[in-house]
Amino acid sequence: MFKKKECIAMLLAGGQGSRLHVLTKDIAKPAVPYGGKYRIIDFPLSNCVNSGIDTVGVLTQYQPLVLNEYIGTGEPWDLDRSGGGVHVLPPYQKSSGSDWYTGTANAIYQNISFIDRYDPEYVLVLSGDHIYKMDYNLMLKSHIARNADCSIAVLDVPMEEASRFGIMNADENGYVYEFEEKPKHPKSTLASMGIYIFTWKKLKKYLLEDASDPNSSNDFGKNIIPAMLQNNEVLYAYQFDGYWKDVGTLDSLWEANMDLLNPAVPLDLNDKAWKIYGRNRITPPHFISDSASVQNCMIAEGSEIYGTVDFSVIFADVLIEEGAVVTDSIVMPGAVIKKGARVEYAIVGENAIVGEGAAVGARPETMDNRDDWGICVIGPEGELKSGEKLLPKEMLSKEEGIVR
Amino acid sequence: MIKNNAFGIIFANMHDDNLHELTARRTTGSVPFGGRYRFIDFTLSNMVNAGLTTVGVITKQNYMSLMDHLSSGRNWDLARKRGGLVFLPPMSLSDTGVYSGRLEALCNILSFISSRHEEYVIISDSNVICNMDLSPILDYHIENEADITMVYKKGTVDNEDGYESSVFEMDGNLITGISYYSKHPEETNVNLDVTIIKKDLLIEICTYAKSKKLSSFKNDYLVHNLHKLKICGYLHKGLSLIINSKKDYYKANMLLLQENVRKDLFLKGRPVYTKVKDDFPATYGLSSTCKNSLIADGCQIEGEVENSILFRGVKVNKGAVVKNSIIMQGSEIKENCSLNYVVADKNVSFSKESIINGTEKYPVYFSKGSNV
């Protein structure tokens with residue numbers, strides 16, 4: 001039996017996140033670890049449940065094993081429900097043939113029957129790529145009050161940054177009249193956050209029409225939104241005010257983690273009123289030894305610290321041996337940093353090993369040419385052998401060795 | 001492998017009197033330990049790791065926090081259709097109120113015991129911190145055709161307040177005698193209160209005990225039947241910390257600061273399960289220092305922490321110094337405080353500039369919710 005819902009969420013989690021390179025070689029972007037104990041997908045899932053949305057379809061496609069297993073029945077996010085809950089929706093074979101999800105709109109189109117089960121008035125479309133806390137219920141209330149057919153959440157960005165985003169041009173009442181993808185000369189600073197609320201009846205109509213167009217790339221931004229604009233549907237730009245970070249690149253992923261160590265950044269994950277849920281590890285509290293020196297950092301459970309850690313995010317079950325120094329870096333779950341190793345401005349992937357005396361990354365001040373500097377990354381299960389060096393901007397993959 | 005051949009029974013209450021402030025408002029089983037656990041987590045995890053899928057928890061009084069902690073048993077994989085976690089709150093046959101001995105308690109849950117289909121029962125107290133593989137112990141019980149198998153360790157006895165521990169006299173692997181000592185400086189066989197017995201035999205014993213109004217398993221029954229039954233002892237060689245006093249409690253927690261102790265207790269293959277709390281990882285501020293300490297999620301450390309155990313969500317403000325202490329969940333140590341040898345229960349607040357010095361032998365205890 002399916003309960004009728006006012007609004008259900010569809011979470012697009014199928015992307016590869018190719019700009020995360022070694023980190024997403026074997027897992028989908030939303031499954032990438034973040035913030036010491038979470039995975040990126042914990043944010044949209046927690047936002048849903050905290051907003052009162054108890055039915056979420058998660059559309060997976062790229063390397064979904066870790067993500068599917070992680071989501072499970074949804075119990076950690078309180079989404080293990082009898083008349084709703086979280087459902088993982090991979091592409092599937094039908095009697096009329098099968099198709100991978102060819103675009104964001106196509107993914108929703110292929111799951112119309114899932115949505116129809118709950119007969120919702122509204123559908124919230126999210127992506128699993130961003131770090132932010134948001135009450136979707138407020139956006140829904142605004143969508144209803146404004147009689148909108150589609151509401152797009154927007155963030156006011158600095159004009160210098162506007163050309164990186166999909167920009168909404170809206171009138172003084174917030175109604176959108178034009179949408180420009182990465183405009184060279186932006187007419188406004190309202191950047192689309194990739195969060196939409198649609199009135200389901202309307203969206204369904206446009207999805208069906210779009211599906212029958214062989215020239216369409218079946219994408220919300222490229223096809224659905226422009227089509228709705230052309231037909232004078234009511235599109236509203238819902239302004240969001242708060243921390244929002246796209247973690248699609250290695251640099252932004254690193255920055256988003258480091259932001260957690262900065263008290264000036266307005267992302268409070270210690271907020272009891274808006275908890276971020278995730279699957280917890282079964283491991284004891286972390287241990288700081290006599291030989292350790294730990295400053296200005298975050299450390300998750302199960303880790304054993306015998307070395308020096310400064311301005312870094314250390315995930316669970318990490319071992320940092322005596323004499324090892326980790327600064328300005330992210331060390332993901334299960335990694336080992338051996339004696340005397342140095343890790344600076346780096347991302348060390350899950351279960352990776354940095355050998356004794358090895359050096360990962362460097363401080364920007366030490367580079368002769370500042371353009372040569374960047375974050376360096378060790379992919380999951382990668383091993384940097386004893387005494388070896390991984391230079392800034394280099395990546396170490398388990399299968400392919402060092403790549404640039 | 002035990003799998004489906006045994007079910008468990010845990011006494012959550014047997015040592016309430018010894019732990020004073022710690023058990024003033026909670027059962028022994030729910031006493032916090034090691035930064036994020038409660039005593040019962042170790043006993044329960046041992047059973048679950050050996051493949052038991054049904055565990056009855058016998059409680060007596062003050063069991064609200066225990067019920068809250070265990071809930072449906074989900075965190076130990078015991079939220080099952082077939083069996084799972086079963087709460088056995090107090091009931092007494094006599095009019096004198098709640099039961100006093102283990103045997104009387106078992107008699108009261110006879111219907112639960114009879115309803116189980118498994119052949120064997122593993123009965124355990126909840127005041128021993130250890131990671132014990134119960135599978136080989138059941139195998140040993142079956143191979144030796146024992147009527148009862150009781151697990152022990154090699155150790156000495158040095159109790160406070162005259163509390164008496166039970167020790168075994170043995171002949172080979174048979175238990176031939178049970179004695180009680182509050183002090184026993186020579187190494188002996190100390191009872192770990194983990195007992196394996198065939199379900200049918202347990203029912204027989206309980207039926208007999210009911211008719212004779214017997215209360216204590218060891219004193220009223222076992223001691224009189226040592227020669228009639230084959231009672232084997234099984235030596236547990238791994239680490240086991242028996243907590244019979246506040247002194248034992250403090251010492252056991254502090255032992256966790258040693259790497260070999262953590263390695264023995266927190267095995268990857270047999271993890272210790274506990275209730276999940278969605279806390280944020282611990283954060284260390286600019287002026288913080290931390291040495292030789294065990295720190296749980298949710299802690300915010302701005303001051304100095306040394307040789308201490310901080311449970312979840314403890315806040316140590318700037319200038320505060322915490323040494324040789326055990327600080328439980330949610331407590332806060334405000335600016336410029338100085339704590340040395342302190343055990344603080346949950347949600348204790350230490351106001352600015354307080355100075356509290358206990359000693360290694362006599363740490364200062366603060367009960368739940370105190371404002372100091």
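Each chain gets a letter, A, B and so on, in the order the sequences are listed, and its residues count up from 1.
- A salt bridge does not link K315(B) with E335(B): none of the charged nitrogens is closer than 4.0 Å to a carboxylate oxygen.
- Residues of residues 288-303 of chain B lying within less than 4.5 angstrom of chain A, judged on heavy atoms, are S288(B), C290(B), K291(B), N292(B), S293(B), L294(B), I295(B), A296(B), D297(B), Q300(B) in numerical order.
- Note that K246(B) lies in the cation-pi zone of Y365(B), set by a 6.0 Å cut-off to the ring centre and a 45° limit from the axis.
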D246(A) and S252(A): side-chain hydrogen bond (donor to acceptor under 3.5 Å, both in side chains), yes or no, with the steps? CA-CA 7 Å; D246(A) 183 309; S252(A) 59; 4.9 Å; no
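- Heavy-atom distances place both the backbone and the side chain of A300(A) under 4.5 Å from chain B.
- Of the listed residues (D310(A), V294(A), I299(A)), the greatest number of heavy-atom pairs within a distance under 4.5 Å of chain B belongs to I299(A).
- Between R363(A) and D328(A), at least one side-chain N (NZ, or NE/NH1/NH2) sits under 4.0 Å from a carboxylate O, which counts as a salt bridge.
- Under a 4.0 Å N-O distance rule, the pair D26(A)/K398(A) does not qualify as a salt bridge.
- For K268(B), the part sitting under 4.5 Å from any heavy atom of chain A is the side chain, from C-beta outward, and nothing else.
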If you apply the rule side-chain hydrogen bond (donor to acceptor under 3.5 Å, both in side chains), what do you find for E360(B) with N324(B), and how did you get there? CA-CA 8 Å; E360(B) 191 175 352; N324(B) 305 304; over 6 Å; no
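- Using modelled atom types, one finds a donor on one side chain and an acceptor on the other under 3.5 Å when comparing D41(B) with T274(B).
- In this structure, the portion of Y37(B) lying under 4.5 Å from any heavy atom of chain A is its side chain and not its backbone.
- The choice from E306(B), R36(B), E259(B) that makes the most heavy-atom pairs within less than 4.5 Å of chain A is R36(B).
- For F43(A) and Y132(A), the distance between ring centers is not under 6.0 angstrom.
- Residue contact with chain A, scored on non-hydrogen atoms closer than 4.5 Å, involves the side chain of V276(B) exclusively.
- Between Y70(A) and D42(A), the side chains place a donor N or O and an acceptor N or O closer than 3.5 Å (distance only, hydrogens not considered).
- Checking S30(B) against S65(B) by side-chain atom types alone, a donor-acceptor pair falls below 3.5 Å.
- With values rounded to the nearest 0.5 angstrom, L339(B) atom CG is found 13.5 Å from Y341(B) atom OH.
- Note on K338(A) versus E321(A): no salt bridge recorded, every NZ/NE/NH1/NH2 to OD/OE distance being 4.0 Å or above.
- For residues 267-290 of chain A, heavy-atom neighbours of chain B at less than 4.5 Å comprise L269(A), N270(A), K275(A), I276(A), Y277(A), G278(A), N280(A), R281(A), I282(A), T283(A), P284(A), P285(A), H286(A), F287(A), I288(A), S289(A), D290(A), sorted by residue number.
- Heavy atoms of L310(B) lying under 4.5 Å from chain A are absent altogether.
- Between E301(A) and K37(A) there is no salt bridge, since none of the side-chain N atoms of the basic residue sits less than 4.0 Å from a carboxylate O of the acidic one.
- No part of F315(A) comes within reach of chain B, as not one of its non-hydrogen atoms sits under 4.5 angstrom from that chain.
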